[in-house]
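Labels below follow one simple rule: chain letters A, B, ... track the order of the sequence lines, proteins then strands, and each chain is numbered from 1.
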Protein chains: 2
Amino acid sequence: MAFIETSAVAIGPYGSRAALRSAPLPALYPAGAEIYGQGERCRGIYQVEFGAVRVYRLLADGRRQITAFHLAGEMFGFEADTVHHFFAEAICATGVRPIAASNDSDQSGRILPMALKSLVRAQEHLLVLGRQNAVERIAAFLGDLADRQGGLKLIDLPMSRTDISDYLGLTIETVSRVFSRLKRQGVIRLPNLRSVEVVNWQALQEMAG
Amino acid sequence: MAFIETSAVAIGPYGSRAALRSAPLPALYPAGAEIYGQGERCRGIYQVEFGAVRVYRLLADGRRQITAFHLAGEMFGFEADTVHHFFAEAICATGVRPIAASNDSDQSGRILPMALKSLVRAQEHLLVLGRQNAVERIAAFLGDLADRQGGLKLIDLPMSRTDISDYLGLTIETVSRVFSRLKRQGVIRLPNLRSVEVVNWQALQEMAG
DNA sequence: CGGTTGGTTGATCATGCTCAAATTTGGTGG
DNA sequence: CCACCAAATTTGAGCATGATCAACCAACCG
């Protein structure tokens, strides 16, 4: 991971802003680096080259809701305003390519389909948060991640349990308990903290509802 | 409400499809009529002329999540696909105007800002469902409705308690209890089932977080 | 009036949260 | 390679919020 040393940015969770953001080509962010912050001026939209990004919002008392994770190839940074309403951070060492200004009307034909995809994703996530229980949420989350990673048995989890809980509207303890339960039931295996192997695909799908 | 009799559609909750949908100008839907259904081919996007629309998704066992309410002037019907992933129904007698095909690239410059607005709305709703308790959800809901209706003290609730609960990820009983509590605390008044008067605006805002 | 629909209230229960510990993991230096 | 450490995760016990189940009530309409 030589690129970490070559990028002139601070390292560490919730670290300082990346100096490379305005570079014309892929910007590199170490784990925890902020890509943009709430209130900051929108520079356009981005595509993840490698790594993973979390987009989230905070309540005054610190409660956090992650609205989306973005993996390699996916777009993020859509805003209705000229100012960001959310935070975006690199989850692990991540490369991000600026794509276009979101208010560039020449580009809107290209941007609209991506924005609509984000919208459908968010709406489907609403169903999960509003109406599914803890097991269903985790099962849906794993199924979704697996799909986005090509449907392989071995799912890569770039994010921590805390990130997962803030994405699913649960606590870290509940996430951990559900993982343990699924493991005990032989639905998944946990080779290490950052990957999940799906053993019983059908059971997982049924749990997701 | 003479237009109900003049429109050749069935009346009643979850009623049959409106015959007027393909008309070039505003289509009229009675309370409960379906505007489009999951799996149905997308015809484009719509603007609410008057009345109110609920957009929702169902789980296999009947659990429902309303992803959005749309009031007069607002747009809905954005989809990433050529097929609808959600249901849309008139909440009360409602007029709906078809605006454009969502895959019409000439229109994308006009459509993109509206789609982005829907996206931000959905993402903010995620924060409510994922991280706020029942009182906060109701307070946020009332605040949002008030804003969209011009910020007046008297809020019009076109939707039932059941709709509200399916929007906020609560049960109808919890919605009712929170309304009663806010009334007892002097934050709101309930002149009738379909309106709310905000008495203590600041308290409501603080509760919404 | 009687019936139906939608809403409120009460009592009990269960899911998931909180607080507290134990344990595992991954990294670091000997 | 191994011991050690800090951070992350897992596990446990008790609790609280909101769900469930069951009456009750009010408005509306034939």
Rounded distance (Å) that lies between atom P of D:dC25 and atom CZ of B:Arg161: 19 Å

Taking CG from A:Leu157 and P from C:dT25, how many angstroms apart are they, rounded to a whole number? 15 Å

Could you tell me the separation between the CZ atom of A:Phe179 and the P atom of D:dT9, rounded to a whole number of Å? 10 Å

Within a strict 4.5 Å, meaning less than it, do heavy atoms of the A:Phe141 and A:Ile164 side chains meet? yes

A:Arg194 CZ to D:dT9 C1': how many Å, rounded? 10 Å

Separation of A:Glu136 atom CD from D:dA19 atom P, in whole Å? 14 Å

Strand contacts (DNA chain C) in residues 169-178 of chain B, 4.0 angstrom heavy-atom criterion: B:Glu173, B:Ser176, B:Arg177

Residues 202-209 of chain A, side-chain donor-acceptor partners within the protein, below 3.5 Å, at least two apart:
| unit_1 | atom_1 | unit_2 | atom_2 | d |
| --- | --- | --- | --- | --- |
| A:Gln202 | NE2 | A:Glu206 | OE2 | 3.0 |

Quick test of your reading of the model: are B:Glu79 and A:Lys117 salt-bridged, counting only N-O distances below 4.0 Å? no

From CE of A:Met159 over to C1' of D:dT9, roughly how many Å is that when rounded to an integer? 16 Å

Whether B:Arg54 engages the ring of B:Phe69 as a cation-pi pair (distance to the six-membered ring centre under 6.0 angstrom, angle to the ring normal within 45°) should be assessed. no

Measure CG/A:Leu168 against C1'/C:dG16 and give the value in whole Å, please. 13 Å

Please determine if B:Asp166 and B:Arg63 form a salt bridge, counting it only when a charged side-chain N lies under 4.0 Å from a carboxylate O. no

Classify the side-chain pair B:Glu34/B:Tyr29 by whether it contains a donor and acceptor separated by less than 3.5 Å. no

Under 4.0 angstrom, heavy atoms only, what part of the nucleic acid is B:Arg137 near: base, sugar-phosphate, or nothing? nothing

Out of D:dT10, C:dG7, D:dT9, which nucleotide sits closest to the side chain of B:Ser160? C:dG7

Looking at every strand, decide which applies to A:Arg181 at a 4.0 Å heavy-atom threshold: base, sugar-phosphate, or nothing. nothing

What is the distance from CD1 of B:Ile164 to C1' of C:dG6, rounded to the nearest Å? 12 Å

